[in-house]
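Let me begin by presenting the structure, written as structure tokens, before commenting on it.
Computed from a prediction, not measured in an experiment: that's the story for all the values here.
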Amino acid sequence: MRILIIFLMFLTLRAAGEVWFVPGWRTGFDDRAGCVRILQTIYPDRKIKVCNWDSKQPWRATRTNAEEYAALLFAQTAALPDEKLKQLILVGHSIGGDMVLDILSKLSVHGKKIHSASLLGAAVPCDDPRIGNALKAVRFEITNIYNPHDWVLKYLYPLDADAMAPLGYSGWAGSHPRFFEMECEAKSTGFFNHFAYLYLYKLRELMHTLPRRIEVLQDAANKEQLPADGIFWQDVEVFQMWKLQQHYDGRARILDPAGVRRANGTFSSMRHAFDEVKKQLR
């Protein structure tokens with residue numbers, strides 16, 4: 001019995017995965033250890049890892065350091081075994097959000113996916129094309145916390161970036177059913193509104209509102225379609241707005257409530273996958 005308990009604990013820890021926190025410039029103006037404590041309350045069953053890099057230099061040197069570290073972090077991420085990679089969560093604050101987007105965009109090119117990602121006061125353009133690519137590299141969602149009272153993003157970011165308002169200041173210019181946002185209602189003033197812990201508290205609040213994460217068993221290679229085409233497809237079963245559909249040629253697919261194709265393949269494999277989805281929904 002004791003061996004069985006230890007084995008089950010091992011499986012639980014293995015499934016939980018890790019959260020990699022990528023801080024911003026000059027540690028995001030606050031204590032990294034404090035950020036870890038908040039992250040642990042958001043992800044109590046996961047190991048929190050701070051991706052320490054040299055962010056305490058003048059801005060120009062910091063940008064160079066960030067580019068070099070992002071390349072290194074991508075190499076480390078891409079080298080992870082698939083089982084660990086698919087359970088990995090990336091959280092980036094300020095320029096750390098830029099680094100997370102860069103990593104995800106590169107992972108999408110290689111057809112690799114992590115669990116999910118969070119952007120906190122991200123110092124990237126709100127129309128950054130990497131966001132669309134990043135969504136292809138997550139199995140679940142990307143969350144974005146923005147703050148229209150953040151003086152660092154409002155006044156300092158435009159001095160270095162000839163672009164639209166930053167993502168962390170105004171929110172995303174696009175939309176996607178797996179991209180969730182929340183405004184940070186900071187009570188402090190001035191540059192203190194860029195503190196990472198303010199964004200983390202709001203992230204914790206946002207996480208409680210997200211829809212349930214549903215694993216869908218795969219068969220054939222699934223290229224996500226948004227929305228999925230409806231020609232020649234018929235509903236075989238509908239459960240809590242999830243749909244099992246069959247094509248006239250015998251193929252089958254599963255659509256989530258947003259109409260996104262989550263899996264496709266033979267009817268027997270999709271029938272089994274849909275049964276597993278229903279178990280999770282119950």
H194 vs H93 aromatic rings, parallel, tilted or perpendicular, using cut-offs 30° and 60°? tilted
Same cluster or not: are L120 and L210 linked, directly or through other Ile, Leu, Val, Met, Phe, Trp or Tyr residues, by side-chain heavy atoms under 4.5 angstrom apart? yes
Aromatic ring proximity, centroids under 6.0 angstrom, F274 and W242: no
Indicate yes or no: at least one non-hydrogen side-chain atom of L101 is less than 4.5 angstrom from one of I131. yes
Ignoring hydrogens and geometry, is there a side-chain-to-backbone donor-acceptor pair from T62 to W25 under 3.5 Å? no
Any donor-acceptor pair under 3.5 Å linking the side chain of N193 with the backbone of H149? yes
Is there a path of hydrophobic side-chain contacts, each under 4.5 Å between heavy atoms, that joins V260 and I254? no
Could you tell me which residues satisfy side-chain contact (heavy atoms from CB on, under 4.5 Å) with H247, sequence neighbours excluded, listed by chain and number? F232, W233, D249, R251
N147 side-chain N/O to Y169 backbone N/O, donor-acceptor pair under 3.5 Å: no
Going by the side-chain hydrogen bond (donor to acceptor under 3.5 Å, both in side chains) test, which pairs reach into residues 106-117, not counting sequence neighbours? D102-K106
Heavy-atom donor-acceptor pair, D256 side chain to A258 backbone, under 3.5 Å: yes
Please examine the side chains of F180 and I142, heavy atoms only from C-beta on, and report whether any two atoms are closer than 4.5 Å. no
Verify, without hydrogens or angle tests, whether E18 (side chain) and I89 (backbone) share a donor-acceptor contact under 3.5 angstrom. no
Report yes or no: do V216 and F140 belong to one cluster of Ile/Leu/Val/Met/Phe/Trp/Tyr joined by side chain heavy-atom distances under 4.5 Å? no
For the hydrophobic clusters of this structure (ILVMFWY residues joined by side-chain heavy atoms under 4.5 Å, transitively), does one cluster hold both Y146 and Y157? no
Has T209 got a side-chain atom pairing as donor or acceptor with E205's backbone, closer than 3.5 angstrom? no
N52 and Y69 side chains, donor-acceptor separation under 3.5 Å: no
Looking only at atom types and distance, does a side-chain atom of R32 sit under 3.5 Å from a main-chain N or O of F21, one as donor and one as acceptor? no
Under 3.5 Å: donor-acceptor pair, side chain of Q40, backbone of Y43: yes
Examine V22 and L72 and state if one hydrophobic cluster contains both, with Ile, Leu, Val, Met, Phe, Trp and Tyr joined whenever side-chain heavy atoms are less than 4.5 Å apart. yes
Would you call M182 and M207 a side-chain contact if the rule is heavy atoms closer than 4.5 Å? no
